[in-house]
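What follows is a short report on a single structure.
Residue numbers begin at 1 in each chain, while the letters A, B, ... track the order of the sequences.
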There are 2 protein chains.
Amino acid sequence: LQRTFSLHKAHSIKDMDNTFQLVRNIIPALTAKKHKGQDGRIGVVGGCQEYTGAPYFAAISALKVGADLAHVFCAKEAAPVIKSYSPELIVHPVLDSPNAVLEVEKWLPRLHALVVGPGLGRDGPILDSVKGILESSKARDIPVVVDADGLWLVAQQPALVHGYQKAVLTPNHMEFSRLYEAVLRGPVDSSDPRGSVLRLSQALGNVTVVQKGEHDLISDGQQALAHCCWLPWAPAPSQGSATTRPSRSMAALPPPPT
Amino acid sequence: LQRTFSLHKAHSIKDMDNTFQLVRNIIPALTAKKHKGQDGRIGVVGGCQEYTGAPYFAAISALKVGADLAHVFCAKEAAPVIKSYSPELIVHPVLDSPNAVLEVEKWLPRLHALVVGPGLGRDGPILDSVKGILESSKARDIPVVVDADGLWLVAQQPALVHGYQKAVLTPNHMEFSRLYEAVLRGPVDSSDPRGSVLRLSQALGNVTVVQKGEHDLISDGQQALAHCCWLPWAPAPSQGSATTRPSRSMAALPPPPT
């Protein structure tokens with residue numbers, strides 16, 4: 001503990017107490033009154049031949065912050081690998097099948113939130129399926145967190161999330177620039193990071209944008225806030241991604257409906 | 001330890017001593033006088049494309065509470081994944097083969113007890129095979145614990161276990177309602193949970209029913225008991241299933257014959 005603090009002098013014990021309290025507010029209390037599934041059923045869309053770690057970290061993090069069930073919808077080849085990381089996950093090898101959208105749609109009514117993008121890759125047919133999955137999720141009013149290559153898809157087709165109030169985009173620095181240039185047709189104003197996040201959110205019809213960085217910048221198109229309250233022992237946020245840090249995206253969601 | 005108790009004030013140290021004693025009574029003593037297999041050879045029937053965690057947890061829990069050998073009989077695709085969770089398990093990729101019943105029957109004479117259902121799924125041909133395996137186990141007088149989708153099968157065909165004194169059904173809240181409605185052709189009387197468990201057991205010819213919940217309810221058709229003595233650090237029973245908790249089903253069995 002001492003070492004943790006000496007490495008991160010900026011954080012006082014008071015800071016850490018505050019952070020713990022924030023985390024406690026998000027994690028549902030363990031109680032014998034509930035049955036499995038009531039505290040969150042999360043779906044992660046991602047995982048391909050190259051990338052199997054990212055969807056695993058997204059799904060296992062959802063469980064670690066209190067969700068009851070985590071499904072991963074990935075390409076066939078990625079499934080046995082992701083399954084082998086943890087017996088806690090339910091992994092569906094469907095994302096590169098011709099009827100991927102239907103296969104995921106079967107599960108959507110049982111899911112409280114979807115994370116789209118970790119380890120997705122940029123294969124054309126898979127992205128076409130993901131487009132269908134996003135549209136289907138919107139039609140069902142399911143909260144969607146878009147990260148990683150999901151953001152690449154959104155940069156190609158911003159209409160996919162435009163105006164969807166239950167979408168949360170979580171770009172890092174690079175992903176943010178790409179998305180901003182695609183949507184606002186101009187370079188990011190580096191002298192005004194907070195304004196840039198606000199403008200991107202507005203241009204996307206008030207979709208929530210969380211720009212990950214040293215200070216995370218969050219905007220819903222109405223206001224933009226900076227947040228720097230990371231746990232002192234966590235990797236510096238600007239170095240992180242879905243593959244290296246707790247599922248902040250998930251934690252940012254309100255407790256799912258029961 | 002202090003934290004464990006402060007989080008679960010309902011449990012005193014005395015309670016825990018009692019629980020430990022119960023567990024001690026169930027787990028066979030480790031002795032050099034016995035050879036591998038004498039303290040229990042367990043078979044788990046389950047594991048399909050989507051679900052690989054549940055049969056793993058059932059089998060590994062059997063080993064952790066003292067059994068010597070645990071076999072898993074699962075679908076071909078699930079086998080390498082379940083194997084990868086632990087080298088302790090013996091995994092047979094036979095459940096979706098046309099001669100699944102024969103393949104499992106070969107092993108039945110060597111097994112002391114069978115767990116049917118964790119991660120089984122609801123594929124028609126597989127359930128047909130499971131039906132054959134259940135009948136074969138009954139013919140050999142092998143104790144059978146039925147859980148998860150095994151209970152779904154029993155709700156469709158209660159005759160499969162009717163009157164079999166060595167069957168133990170372990171439904172959670174949802175599974176209990178489904179089974180009760182299928183067998184007693186009426187809704188569960190929620191004002192009388194203990195009586196409901198007793199009636200289901202009786203209607204099934206005195207099969208043992210363990211309804212999992214905040215307080216587990218257990219009936220052999222003669223009497224119904226409530227049990228709430230879970231280990232303080234275990235997940236709340238009502239949130240658990242074969243996939244998330246120690247193999248209570250296994251623990252409920254008497255020490256297997258040698």
> Does anything in residues 123-136 of chain A get under 4.5 Å of chain B by heavy atoms, and if so which residues?
Replying inline: none

> Counting a contact as any heavy-atom pair under 4.5 Å apart, which residues of residues 78-86 of chain A contact chain B?
Replying inline: A:Pro80, A:Lys83, A:Ser84, A:Ser86

>> Checking A:Lys106 now: which residues fulfil side-chain hydrogen bond (donor to acceptor under 3.5 Å, both in side chains) with it, not counting sequence neighbours?
In response: A:Glu103

>> The criterion is side-chain hydrogen bond (donor to acceptor under 3.5 Å, both in side chains); which residues satisfy it with A:Arg110, sequence neighbours excluded?
In response: none

> To the nearest 0.5 Å, what is the distance between NZ (A:Lys34) and NE2 (B:His173)?
Replying inline: 15.5 Å

> To the nearest 0.5 Å, what is the distance between CD (B:Glu214) and NZ (A:Lys33)?
Replying inline: 3.5 Å

>> Is it the case that atom NZ in A:Lys138 sees more than 12 heavy atoms from other parts of the structure closer than 6.0 Å?
In response: yes

>> Tell me if the OH atom of A:Tyr164 is crowded by more than 12 foreign heavy atoms within 6.0 Å.
In response: yes

